[in-house]
Structures are given as C-alpha cells and as structure tokens.
Amino acid sequence: MAALHEATAKMSLDAKTAPVYVCEVQGDDAKGTGAEGAPFKTVLRAVEHATGGNAEILVRKTTEEGYQPAAKTALKKAQKLVEANLKKAEKAQKAAAADAAAEAAKLDEAKKVVLEQDKSLPAAKKIKIRDGTQHRGQRVKVSGWVHRHRSQGKDLMFIVLRDGSGYLQCVLTGKLCQTYDAITLMRESTVTVYGVLEALPEGKTAPGGHELRVDYWEVIGKAPGGEEAFDSKFNVNTSPDIMLDQRHLVIRGETASNVLKMRALVLKAFREYFDSRKVLEVTPPLMVQTQVEGGSTLFDFQYYGETAYLTQSSQLYLETCLASLGDVYCMAESFRAEKSHTRRHLSEFTHCEAELAFIDFDDLLNFLEDMVVSVMNRVANDPEGGQILKELNPDFKAPQKPFRRMNYSDAIKWLNDNGVKKDVLDAEGNKIGEADYEFGEDIPEAPERRMTDTIGEPILLCRFPAEIKSFYMKRCPEDIRLTESVDVLMPNVGEIVGGSMRITDFAELAKGYEREGIDPKPYYWYTDQRKYGTCEHGGFGLGVERFLAWLLNRYTVRDVCLYPRFMGRCEP
Ligand code: 4AD
C-alpha cells in the first residue's frame, strides 16, 4: 500500500503541471521528494529534479509564509549550475570509458607479447638466493615470491624476489616488462627469473650487493589484486587480533621472518652449547599423567578413557635419564593453562630444560650464566644472527659474566627500600591500601620487572622459601626454610629461567609430595631415583620465547612464536 502511494505521488510530480516544492526551513534535499508534504531544501535540488520537465518550482523561506514561485534569478543560477554539473559528469564518464578501453587495449596488446628463452644463452643454474655471491657473472635461475615490485616507465621493472634464504633485486627491461603477466603482476605472486647476476656499481645498494639482469621470466602462481590483494590484508594500524588471524601472511614480512630465523639460530646455538658441554639430547613424552608445577595450570584430555595431561615440564623425565645417559637436556614444548593475558605467558611454549648430575648449587649457577652468555655470543657472532640483532635490537648490550647474584630475601628488602608496595584488597577485590612485601610471599610479575628493569642487568635470584616453590626442590643446608633455587631475571622480560637443586633424600621427597598434596603413587618412577643410587643433581628450564623476547627486544612473547597459543587463541 505504501509503495502504491509512493508511486502515485511520483506520477503526480512527474506530470507536467505538478509543482516542485522547496521549503528553506524544513526541506530536505536528500530525503525530500519535492511534494508539498516532503519538500526539498534548495532550488538547485528542485531544478535538478525537474530537469527535462516544465514543472513550476514553488519556494517558501519561512513556515509562516505560503509557497511562492521561485525567483527568476535564483532559477537561472540553479539551471546553469545543474547544466555545468551534468556536463562535468558526462565528461568524467567519457574519460573513464576511454581509460577502460585504453587499459583493455593495453592488456590485449600485452597478451600478444610472448617471451621465449634465448637458446643461444648458456643453461641457467638453479640456485637459492643465499648462494648468489658465488654465482656472480653466471646465468642462474631463481624461484621465489614477489616481495616488492616497481615499474619505471614502459621499459623498466624492478622485482625484489624473496625465497626464504634471502632477497634478490631483479631488473627487467624492454619486452620482459610488457607482457600481460608483467602488467598485471601483484605482490606475493611466485615467479622464476633467469639471468646473469651482476655486482652493483659503486654507490648503488641492493641485498647481497648484486642484482639479476633478467633475460627471461615466468609466473608460477599469481596472487590476487583488488580487495584480496596482499597489501589490503593488513597494515600498521591493524589490530593485534587480526594480525594473528593473518599470521600465515604476516610471517612473510621482514620483521616476522627475521624473528623466526633468529628463533632457529637460538635453538641451534643451545644445541651446540649443550653439545660442547657433553650434555645429551633426549626427547621425553609430552602426554603425561603426573604434574610438575602445580595442578592449576594443567591441560587435561582423554587418553583411551583415562585422564592425561599435556606436560608442564619434562624435568622429572630428564632426572630419570641421569643414571642412564649422564647429563641430559631437551628442547620440547611445555603447556600451561595460564588464565592470564600477560606479555610473557603462553599456553604452549618451547622449553629448553637440562639436568646435571653430581653438581652443587654453585655449579648450577655457573652453568646457567655461562650458557646464557655463550648462546647469546654464538648468535651475535653468526653473520645472519648478528645482522638480525642489529636490525631488531640496535641498542642491545651483551651481558657479561658473572651475573649479579641476589637472594630472595634481598629482593624483598630491595622492594621495600625502593618503595615498591603491594596492593591490599578487601573481600570483593577492591584496593583498600598498600603494604610492604613480606618474606615468604611470591614476588609477582610487576614488582619483579620493576626491580629487574631498575637494576638493568641480568640477575640470578636465589634461595626462595620452600612454601612458594615446587615439591622437588632441595633445601638450603644453611637455612632449611629456603631452597637451593634460582630464577634468571632479564631486563624488559623478567624471569627467563627457573631452576633448582633437587631433593636427593627419599624421605624428604615424601614430605615434599605431602606438603603439596600430591599422591606419590604415580610418581614411583621418579621416587625410585632416590632409591636406586641417589645423587646430588640440579637443573633448570628456560623459556625460549622469553629468551628471544629479551634478545630481540620484542614487547611480548607472542611476537616470537610461529603461531602463538594463549588463552582465547588456538588458531591458525
Ligand atoms: O619456572 P618454571 O615453571 O620451571 C619449571 O617448569 C621447571 N620444572 C623447569 C626445570 O627445572 N626443568 O618454568 C621455567 C621457565 C620459566 O622461567 C619461563 O621462562 C618459562 O619456563 N615459562 C613460560 N614461558 C611462557 N609462557 C608460560 N606460561 C611459561 N611458564 C614457564
């Protein structure tokens, strides 16, 4: 019915005699129809509406006045403007049509340009970009992704090619940049380029100091343009959540791929370090039925009808290897059902853990600082690692041995001496005041960071009270309230390592289970280590992501994972 009314209203307006109404007070150019009940606001709009007909235009300047025929001068002015606008629109339409036709003709023309390899040239050797330097002056063939490209006129095109091993500047000239593929090339397409690698002349720069003078090329897989184009997927203003949804594309970027390359170098450096100290790599199971670091962060799952967990730490298994293999380490994933969204907590992280037999607490501390400094030096001295470090963390200051050693009790004193207080909360969790930290309390992330950042150098924080540490930690002979435990703290990140000497005595371990309310039965294999020839031993776990966040000065550990897992995210 409403539609019928609207149609009738329009018909009556379109009729020769139907006037068009303009109310300068209540009219609306966008929503009005020109009818008396829905007038326009301006004469210009009324003229536009009436163009082609000879409808009379009636205007009122106030709601008190009646409608009067529009003034002749106003009508003339409006008509002129409408005509000019129409002409402009027509011209723009023609120009767009001409552009489209020219583009279509250009593409048709480009389709006729067919490239062929020059058979008189030497056969091209297939290489990876990283091996370019030793192939300078030779004809090579390189495949990769179009990282960037730029045309300069009709006869010159530059492609920066990426193959994961490096970046290569390719120069295409003449016919090579006039093909359909060249004209429609989009970023992230895959191509194979053929040509001779030439050193760059003095004063010019490109990755590797050379460029490929292309003599033939082909597209392997085209990437889309328009809305689907790689460049439309994200930019510097994209939210972290969307960046994580697009992580599979984000890792193609220079920063993310550099971080992942450094991650590989760091893992390799740890392995080389352990190898140099004759510590053997083992690969413990990740599906377990015992806890290591408290029940509250266990992920459970169904294992053939039984409850099992994803491991929090491989420490207990490593301890069982000592009597079989001597000193051991592993680089394995650990899992924590952390219910907090912090910069340094993940649900899944790479855990570098080691266990060393017949050592004392000092040996453990010495091992730790030697390992951190050696691994850091290894990656910093690696040509690629050094370059990445310079790019991502130009202000990096390599720490020196020995690290500052500080007892837990001194840390509590430091916090109190420096006015770092804890919040006092009421039963509903509202802050009602502040108080000093007291001996026996866990030092939370924020004050720990504050202390580490203020001191500004690595700290071996030692001898935590037994009550705030795990069941397996050995007590200090000089004060049995304390444990021979250590956290390595780094500026900007805080704790990167947790370690300790382990209880060697059968009865003492039984007390540890009891204190933590753990049923010792499923731990028989762990307890047996104290029964069948016990030994003084200790070990540690280092969070690889935290080590990387420190080394590369990343804001969060999420930035150094391939596909980070944390509360609320388990994809892609
Ligand atoms: O201090 P943690 O909990 O110690 C252990 O798991 C011991 N069983 C290790 C051992 O002695 N073999 O964890 C050790 C390190 C932490 O210092 C931290 O670097 C990392 O593991 N880590 C985490 N990293 C990211 N996200 C989490 N949720 C982490 N939990 C621990």
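Please read these numbers as outputs of a predicted model, since none were measured by experiment.
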**For Glu448, salt bridge (charged side-chain N to carboxylate O under 4.0 Å, His left out) partners two or more places apart** = Arg344
**Request:** Please identify each residue that fulfils salt bridge (charged side-chain N to carboxylate O under 4.0 Å, His left out) with Arg554, with sequence neighbours left out.
**Result:** none
Got a donor-acceptor contact below 3.5 angstrom from the [X] side chain to the [Y] backbone?
X: Glu545; Y: Thr350; value: yes
X: Asp29; Y: Lys41; value: yes
X: Thr454; Y: Arg450; value: yes
X: Lys261; Y: Gly164; value: yes
X: Thr190; Y: Ile220; value: no
X: Thr33; Y: Ala35; value: yes

**Message:** Quick one, Phe335 with Phe299, criterion ring-ring contact (aromatic ring centres under 6.0 Å, His included). Give me CA distance, side-chain angles, the key distance, then yes/no.
**Reply:** CA-CA 7 Å; Phe335 304 85; Phe299 277 112; 7.1 Å; no
Please report the closest heavy-atom contact between [X] and [Y], naming both atoms and the distance.
X: Val328; Y: Leu318; result: CG2-O, 3.5 Å
X: Val22; Y: Val43; result: CG1-N, 4.0 Å
X: Met376; Y: Pro399; result: SD-CD, 3.0 Å

**side chain to side chain donor-acceptor pair (under 3.5 Å) evaluation trace for Asp155 with Gln178** = CA-CA 7 Å; Asp155 289 316; Gln178 289 156 12; 2.6 Å; yes
**Message:** For the aromatic rings, using the six-membered ring if either is Trp, is the centroid distance between His149 and Phe158 under 6.0 Å?
**Reply:** no
**Message:** I want to know whether His49 and Phe40 have ring centres closer than 6.0 Å.
**Reply:** yes
Charged N to carboxylate O under 4.0 angstrom, [X] versus [Y]?
X: Arg45; Y: Glu48; answer: yes
X: Arg213; Y: Glu198; answer: yes
X: Asp163; Y: Arg130; answer: no
X: Lys222; Y: Asp181; answer: yes
X: Lys87; Y: Glu90; answer: no
X: Glu254; Y: Arg148; answer: yes

**Item:** Under the ring-ring contact (aromatic ring centres under 6.0 Å, His included) test, residues paired with Trp550 that sit two or more places apart
**Value:** Phe396, Phe547
**Message:** My understanding is that only one of Glu293, His351, Arg336, Glu353 makes a side-chain hydrogen bond (donor to acceptor under 3.5 Å, both in side chains) with Ser313; could you say which?
**Reply:** Glu353
**Asked** Under the 6.0 Å and 45° cation-pi test, does Lys111 pair with Tyr180?
**Response** yes
**Message:** I want to check a possible cation-pi pair here: Arg187 against Phe230, using under 6.0 Å from ring centre and within 45° of the ring axis as the test.
**Reply:** no
Does atom [atom1] of [X] have more than 12 heavy-atom neighbours, drawn from other residues, nucleotides or ligands, at distances under 6.0 Å?
X: Tyr555; atom1: OH; answer: no
X: Gln134; atom1: CD; answer: yes
X: Glu116; atom1: CD; answer: no

Side-chain donor-acceptor pair present, [X], [Y], cut-off under 3.5 Å:
X: Glu338; Y: Ser347; value: no
X: Asn258; Y: Gln387; value: no
X: Gln79; Y: Glu83; value: no

**Request:** Apply side chain to side chain donor-acceptor pair (under 3.5 Å) to Arg150 and Gln152, showing your working.
**Result:** CA-CA 7 Å; Arg150 163 172 73 86; Gln152 213 168 291; 2.8 Å; yes
**Message:** Can you tell me how far apart OG (Ser239) and CG (Leu244) are? Round to the nearest 0.5 Å.
**Reply:** 8.5 Å
**Item:** Spatial distance of atom NE2 (His135) from atom CG (Leu197) [nearest 0.5 Å]
**Value:** 9.0 Å
**Prompt:** Given the rule in the side chain to side chain donor-acceptor pair (under 3.5 Å) test, do Gln117 and Tyr216 qualify, once you have shown the distances and angles that lead to the verdict?
**Reply:** CA-CA 6 Å; Gln117 283 216 61; Tyr216 177 74; 5.5 Å; no
**Asked** Does the ring-ring contact (aromatic ring centres under 6.0 Å, His included) test come out yes or no for His147 and Tyr167, once each step is laid out?
**Response** CA-CA 8 Å; His147 190 61; Tyr167 300 92; 4.8 Å; yes
